Amino acid sequence: QVQLVESGGGLVQAGGSLKLSCIASGKDFSINAMSWYRQAPGKQRNLVARITRAGDTKYADSVKGRFTISLDNAENTVYLHMTSLKPEDTAAYYCNGDLYGMGLTIWGDDYWGQGTQVTVSS
């Protein structure tokens, strides 16, 4: 099976920057797309950004112009570079993989990391 492991979260002041990473590891799989979601306490998990293997991207309106998603296909790693951070960006950030391949029992966007906390102080 495949594991997704995030890193890079932490505490930052408003206006600061952070870069999140998520590595997908396992055997006999390929990436169709990777996404970042976030979930604040008491709220639902929402899409932040998505990138396909071909490099097509989509962003939530609230992060456009501030966040950049990128994908290293060779390393099976997706990044989220966050700039001009605001207190309302505070949340747990989750990596999601839309995966396929003979090494998987399920094909699709069912793969999640454990989450990394981002806290932005005012």
Side-chain angles (χ1 to χ4, degrees):
Q1 276 294 347
V2 172
Q3 282 191 319
L4 275 60
V5 178
E6 302 103 333
S7 61
L11 174 64
V12 64
Q13 287 188 329
S17 300
L18 279 176
K19 188 172 185 178
L20 307 182
S21 302
C22 171
I23 300 174
S25 60
K27 292 183 179 181
D28 298 329
F29 75 96
S30 296
I31 293 173
N32 184 44
M34 297 289 288
S35 302
W36 287 96
Y37 286 73
R38 67 186 181 188
Q39 186 170 21
K43 297 191 175 181
Q44 67 180 14
R45 190 175 297 188
N46 292 318
L47 178 70
V48 175
R50 183 179 188 268
I51 185 167
T52 69
R53 186 175 184 86
D56 298 321
T57 59
K58 181 171 86 170
Y59 294 93
D61 288 342
S62 59
V63 307
K64 281 181 183 175
R66 299 189 299 122
F67 291 10
T68 303
I69 190 170
S70 59
L71 176 63
D72 184 333
N73 286 306
E75 299 294 329
N76 291 330
T77 302
V78 63
Y79 302 96
L80 186 67
H81 188 205
M82 306 182 292
T83 64
S84 302
L85 283 161
K86 305 174 181 179
E88 51 264 43
D89 294 318
T90 295
Y93 283 70
Y94 296 89
C95 174
N96 172 267
D98 181 354
L99 311 175
Y100 66 96
M102 297 307 293
L104 305 178
T105 55
I106 299 174
W107 292 16
D109 59 355
D110 295 273
Y111 297 90
W112 293 91
Q114 81 288 351
T116 185
Q117 179 67 33
V118 172
T119 302
V120 184
S121 63
S122 57

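The model shown is predicted, which means the values in this text are computed figures rather than measured ones.
In this structure, Leu4 and Asn96 approach most closely via the heavy-atom pair CD2-C, 3.9 Å. Taking each heavy atom of Pro87 and Ser122 in turn, the nearest pair found is CG-CB, 3.8 Å. Considering every non-hydrogen atom in both Ala91 and Gln117, the closest pair reads O-NE2, 3.4 Å. Residues Trp107 and Gly101 approach most closely at NE1-O, 2.8 Å, considering heavy atoms. In terms of heavy-atom proximity, Val2 sits nearest to Tyr111 at O-CD2, 4.3 Å. Of all non-hydrogen atoms in Arg53 and Leu71, the two that sit nearest each other are CA-CD2, 4.0 Å.
Just one of Thr77, Leu99, Asp109, Thr52 meets the side chain to side chain contact (heavy atoms under 4.5 Å, CB included) condition when paired with Met34; it is Leu99. Shown are Val48, Ile69, Ile51; of these, the side chain to side chain contact (heavy atoms under 4.5 Å, CB included) with Tyr59 is made only by Ile69. For the side chain to side chain contact (heavy atoms under 4.5 Å, CB included) with Met82, the qualifying choice from Val120, Leu18, Val12 is Leu18, the only one to do so.
For Lys64 and Asp61, the salt-bridge test passes: some basic side-chain N is under 4.0 Å from an acidic carboxylate O.
The OG atom of Ser84 sits 8.0 Å away from the NZ atom of Lys86 when rounded to the nearest 0.5 Å. Taking CG from Leu20 and CG from Leu80, the interatomic distance works out to 5.0 Å, rounded to the nearest 0.5 Å. Rounding to the nearest 0.5 Å gives a distance of 4.0 Å between CZ of Arg66 and CG of Asp89.
Contact check for Glu75 versus Ser21: no side-chain heavy atoms found under the 4.5 Å cut-off. Within the 4.5 Å cutoff, the side chain of Ile31 has heavy atoms near those of the Phe29 side chain. Contact annotation: the side chain of Arg38 never approaches that of Val118 to less than 4.5 Å [non-hydrogen atoms, C-beta and beyond]. Residues Gln1 and Thr105 are in side-chain contact: their nearest non-hydrogen atoms beyond the backbone lie under 4.5 Å apart.
Applying the disulfide (SG to SG under 2.5 Å) test to every pair with at least one member in residues 46-80, sequence neighbours left out, gives no pairs at all. Applying the disulfide (SG to SG under 2.5 Å) test to residues at least two apart or on different chains, the pairs with a partner in residues 19-122 are Cys22-Cys95.
The number of heavy-atom neighbours closer than 6.0 Å to CD of Gln39, taken from other residues, nucleotides and ligands shown, is above 12.
No donor-acceptor pair closer than 3.5 Å links the side chain of Tyr79 to the backbone N or O of Thr68.
Tyr37 belongs to a hydrophobic cluster whose remaining members, ordered by chain and number, are Leu47, Tyr94, Trp112; membership requires side-chain heavy atoms of ILVMFWY residues under 4.5 Å apart, directly or through intermediates.
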